[in-house]
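Only one structure is covered here, and it is reproduced in the block below.
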Amino acid sequence: MKPVLAFGLLLASMPLVAEQAASDGPMAGGQGPDSLISLLSLGAGLVAVIALIFGCAWLVKRMNGLTGINSQAMRIVSVLSVGARERIVLVDVGGTQILLGITPSAIRTLHVFDEPVVTESGRVEGDFAKRLQAMIGRNWGDRSAADRGDRGGDA
């Protein structure tokens, strides 16, 4: 906060310095004190803006660090885009997996699973998961021969 206070005092004193320089009159050699004052003012303003940018970047970085303190309790397991701005998200909250439908105007709970659908290894488990997998046509586990055939035989 000290640089901000110093910058505020510098800005507050600029009109007084400019008024005093104007009352002194032009200096010998054709250059008035106004050009020196202008350069100093411009340099101080530039330094203040750069300091303000670095200060804001530091503050944003520090604030982001506070939000990730308890990131183990909640995590996104999987995301599926079903439209231009609509998504289906599988979220793990304290060991319970919740299927959410997300649109630009709302977030709705589609299903709360009794047992985890996707484990830590990424393998799909459970009857509902297999049906959901079949509906969306994506294999989250090992790729089968039929899946390789659908993609034209590429590995």
Can you name the closest pair of heavy atoms from [X] and [Y] and give their distance?
X    : Y    : result
S81  : G83  : OG-O, 3.0 Å
Q97  : D92  : CG-OD1, 3.4 Å
P116 : G95  : CG-O, 4.2 Å
V89  : I102 : CG2-CD1, 3.4 Å

Side chain to side chain contact (heavy atoms under 4.5 Å, CB included) filter on V112, not counting sequence neighbours, yields T96, I98, T109

Is [Y] reachable from [X] through a run of hydrophobic residues whose side-chain heavy atoms are each under 4.5 Å from the next?
X   : Y   : result
L39 : V47 : no
L99 : L80 : yes
F54 : L52 : no

d(L42 CG, I37 CD1) to nearest 0.5 Å is 13.0 Å

Between the CG atom in L46 and the OG atom in S41, the distance rounded to the nearest 0.5 Å is 11.0 Å

Applied to residues 34-53, the ring pair (Phe, Tyr, Trp, His ring centres under 6.0 Å) test, sequence neighbours excluded, yields none

Any chance you could lay out the side chain to side chain contact (heavy atoms under 4.5 Å, CB included) test for R75 and V91, step after step, and finish with the verdict? CA-CA 6 Å; R75 65 184 179 92; V91 179; over 6 Å; no

If you apply the rule side chain to side chain contact (heavy atoms under 4.5 Å, CB included), what do you find for L90 with I76, and how did you get there?
CA-CA 6 Å; L90 184 63; I76 296 175; over 6 Å; no

ring-ring contact (aromatic ring centres under 6.0 Å, His included) filter on F113, not counting sequence neighbours, yields H111, F128

Do I88 and L100 touch side chain to side chain, with heavy atoms closer than 4.5 Å?
no

task: Please check if the side chain of S38 supplies one atom and the backbone of D34 the other of a donor-acceptor pair under 3.5 Å.
output: yes

